[in-house]
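To start, the structure under review is shown below, and the notes come after it.
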Amino acid sequence: MFKADDKRYEYLPMRRVGSTGLVLPVISLGLWRNFDSNSPYYERKQLILHAFNRGVFSFDCADRYGKPEVGSAESLLGNVLKDELRPYRDELVITTKVGYETGPGPYGQMLSRKSILQSIDRSLERLQTDYVDIYYAHRFDSETDLFESVQALDQVVRQGKALYIGISNFDNKQTKEAIRLFKELGTPFTVNQVSYNMLNTTIENDGLLDTLRKEHRGLVAYGPLAEGLLSSRYLKEIPANFPIHHTSKQVFDKGEKNVLLKLNALNEIAQKRNQTLSQLALSWLLADEVVSSVIIGTTSEAHLDDNLEAAKNMSFTENEKIEIRKITDLFN
C-alpha cells in the first residue's frame with residue numbers, strides 16, 4: 001500500500017488562485033497524452049505517486065482524453081485514486097473538463113445543459129470519486145446561450161459534484177461575460193485554463209491576464225513548453241512535422257529559422273541563470289502571480305523532477321525581463 005512522503009509539502013511552492021480559497025502547486029501534472037488504455041498502467045501509476053511525493057497534488061484531466069478509448073485517461077487516474085491515493089483524496093485537486101467530442105450525436109460534445117449534466121456523471125464514474133475539485137468548460141460554445149452553460153455548471157456545484165468551476169480556452173471577451181453570469185448566480189468560479197508559453201503570448205495581447213487580475217481570479221497555463229519546443233532538444237533543428245498544438249501554431253508564422261533564433265537566445269539567458277531552457281520557460285510564466293499553476297505533461301520521473309526545479313527561481317531582474325521581451329517580441 002502506498003504511503004506518501006511525510007515531507008511532500010516541502011518541495012514545491014503553492015499558490016492561491018486569485019482571492020479564492022483554492023490553492024494549487026505552482027506545477028501540476030496533466031494527463032492529456034500517454035495516460036490511457038494504451039499506456040503501461042504500472043509505470044503511469046508510479047509517476048503519479050512520485051509527483052504527489054514531490055508536492056504535485058493537482059492532476060488535470062478531461063473527459064476527452066485517452067486513446068483508443070475516449071475517457072480512458074480519467075479511468076487510469078480513477079484506478080490510481082481507488083488503489084493508492086484514496087486515503088489522500090482530501091489533499092488532492094482533481095480536475096476534469098467537458099466540451100470536446102466524446103461520442104456521437106449533439107450531446108457528445110459542447111456545452112448544452114444536457115451535455116454538461118450527463119458528462120459530469122460519466123467523469124465521476126470513471127474517476128471513481130464523488131466529486132472533482134475543479135470542473136472546466138473545456139471550450140466556448142458559440143451555439144449555446146452562455147447562461148444555459150453557466151447555469152448548468154452552477155448546478156454541478158450545487159449537487160456536490162464539483163467544488164469549483166473553471167473555464168478553458170475562453171478569450172478575454174468571453175471570460176468577462178462568463179464571470180458576470182457566474183457572479184449573478186454566486187457560482188464559485190475560480191480559473192481560466194489557457195494555452196500560454198514564452199512563444200505564444202496571445203492572451204497578453206488579448207487582455208485576459210489583466211481581466212483575471214482585476215477580477216481576482218487565476219490562470220492555469222497549459223502547453224507551457226510548447227509541446228517540448230522550449231527545451232534543449234530543438235536548439236539545432238526543429239523537425240518539419242513537429243507536433244505543435246493548434247493554439248500555438250502561429251509560433252511558426254515567421255518560419256523555423258526565426259524560432260531557432262529565439263530558442264537559442266533564450267537558452268543563453270537560461271544558462272546565465274543556471275537553468276535549463278525548460279526551467280526558464282516555466283519560471284517565466286510563474287513570475288506573474290496571476291498564473292496560479294502551469295500544467296506539464298511527462299511520462300518520466302527524471303523529466304518531472306527537472307521541471308520542478310524551475311520553482312526554485314521564479315524571479316527575474318529588470319534587465320532579464322527586458323532582454324527576454326526583446327527576444328520574444330523582436331521577431332513577432
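What you see below is based on every heavy atom in this structure, not just the backbone, and it leaves out hydrogens, waters and symmetry mates.
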Requested in this report: Find the distance between CE (M314) and CG (L286) and round it off to the nearest 0.5 Å.
Outcome: 6.0 Å
Report task. If the plane angle is over 60° it's perpendicular, under 30° parallel, otherwise tilted; pick one for F52 and Y9. Result -> perpendicular
Query - Donor-acceptor side-chain pairing of H216 and S19 below 3.5 angstrom - result: no
Query raised in the report: Judged by modelled atom types alone, do D306 and Q279 share a side-chain donor-acceptor pair under 3.5 Å?
Result: yes
Query - Salt bridge flag under 4.0 Å for residues K214 and D210 - result: no
Query - CG/N205: more than 12 non-hydrogen atoms of other groups inside 6.0 Å - result: yes
**Report entry** Check: R89/T129 side-chain N/O donor and acceptor closer than 3.5 Å
**Finding:** yes
Report task. Please report the shortest heavy-atom distance between A162 and Y135, naming the atom on each side. Result -> CB-CB, 3.8 Å
Requested in this report: Using distance alone, with no hydrogens and no angle criterion, decide if N172 and T211 have a side-chain donor and acceptor under 3.5 Å apart.
Outcome: yes
Query raised in the report: Would you call K321 and E318 a salt bridge, taking side-chain N to carboxylate O under 4.0 Å as the test?
Result: yes
Requested in this report: Inspect the contact between R86 and D83 and indicate whether a charged nitrogen and a carboxylate oxygen are less than 4.0 angstrom apart.
Outcome: no
Query raised in the report: Looking just at side-chain N and O atoms, do Y196 and D288 make a donor-acceptor pair shorter than 3.5 Å?
Result: no
Query raised in the report: So, R8 and E91, do they make that salt bridge, N to O below 4.0 Å?
Result: yes
Report task. Just do the salt bridge (Lys or Arg N to Asp or Glu O under 4.0 Å) check on E215 and K176 with the steps written out, would you? Result -> CA-CA 9 Å; E215 296 291 342; K176 285 181 176 180; over 6 Å; no
Requested in this report: Over all heavy atoms of both residues, which pair between L230 and M198 is shortest? Give the atoms and the distance, please.
Outcome: CD1-N, 4.1 Å
Query raised in the report: Taking it one step at a time, do R325 and E204 satisfy salt bridge (Lys or Arg N to Asp or Glu O under 4.0 Å)?
Result: CA-CA 12 Å; R325 284 299 180 191; E204 295 179 8; 3.0 Å; yes
Query - Carboxylate-amine/guanidinium proximity below 4.0 Å for R180 and E177 - result: yes
Query raised in the report: Quick one: do the T202 and Q250 side chains pair a donor with an acceptor below 3.5 Å?
Result: yes
Query raised in the report: Which atom names give the shortest non-hydrogen contact between N307 and S278, and what distance separates them?
Result: OD1-CB, 3.9 Å
Query raised in the report: Are side-chain N/O atoms of T175 and N192 paired as donor and acceptor at under 3.5 Å?
Result: yes
Report task. State, without any angle test, whether N79 and Q128 hold a side-chain donor-acceptor pair at a distance under 3.5 Å. Result -> yes
Query - Cationic N near anionic O, under 4.0 Å, K97 to E74 - result: no
Requested in this report: Find the distance between CG (N267) and CG (L280) and round it off to the nearest 0.5 Å.
Outcome: 8.5 Å
Report task. Examine the side chains of D36 and S72 and answer whether a donor and an acceptor come within less than 3.5 Å of each other. Result -> no
Query raised in the report: Are a donor atom and an acceptor atom from the side chains of Q109 and R139 found within less than 3.5 Å of each other?
Result: yes
Report task. Considering non-hydrogen atoms only, spot the tightest contact between L127 and L81 and give its length. Result -> O-CD1, 3.5 Å
Query raised in the report: Will you find, in the side chains of Y222 and D60, an N or O donor that is under 3.5 Å from an N or O acceptor?
Result: no
Query raised in the report: Which distance, rounded to the nearest 0.5 Å, do you find between the CG of L304 and the NE2 of H50?
Result: 5.5 Å
Query - E320 bridged to R273 by N-O distance under 4.0 Å - result: yes
Report summary line: In terms of heavy-atom contacts, A221 and P224 come closest through O-CD, 4.0 Å
Query - Salt bridge flag under 4.0 Å for residues D63 and R122 - result: no
Requested in this report: Spell out, as yes or no, whether a donor-acceptor pair under 3.5 Å connects the side chain of T187 to the backbone of F189.
Outcome: no
Query raised in the report: Does Y100 have R64 sitting over its ring (NZ/CZ under 6.0 Å from centre, angle to axis within 45°)?
Result: no
**Report entry** N-O pairing of K161 and D121 below 4.0 Å
**Finding:** yes
Requested in this report: Would you check if there is a donor-acceptor pair between the side chains of T144 and S149 at a distance under 3.5 Å?
Outcome: no
Requested in this report: Identify the two heavy atoms, one from G21 and one from Y164, that lie closest to each other, and give their separation to 0.1 Å.
Outcome: C-OH, 3.8 Å
Query raised in the report: Distance from I48 atom CD1 to L92 atom CG, nearest 0.5 Å?
Result: 10.5 Å
Requested in this report: For Y65 and F35, run ring-ring contact (aromatic ring centres under 6.0 Å, His included): C-alpha distance rounded to whole Å, both residues' side-chain angles, the deciding distance at 0.1 Å, then the answer.
Outcome: CA-CA 8 Å; Y65 297 168; F35 287 84; over 10 Å; no
Report task. Give, for atom CD of E268 and atom CD of E323, the distance between the pair rounded to the nearest 0.5 Å. Result -> 8.5 Å
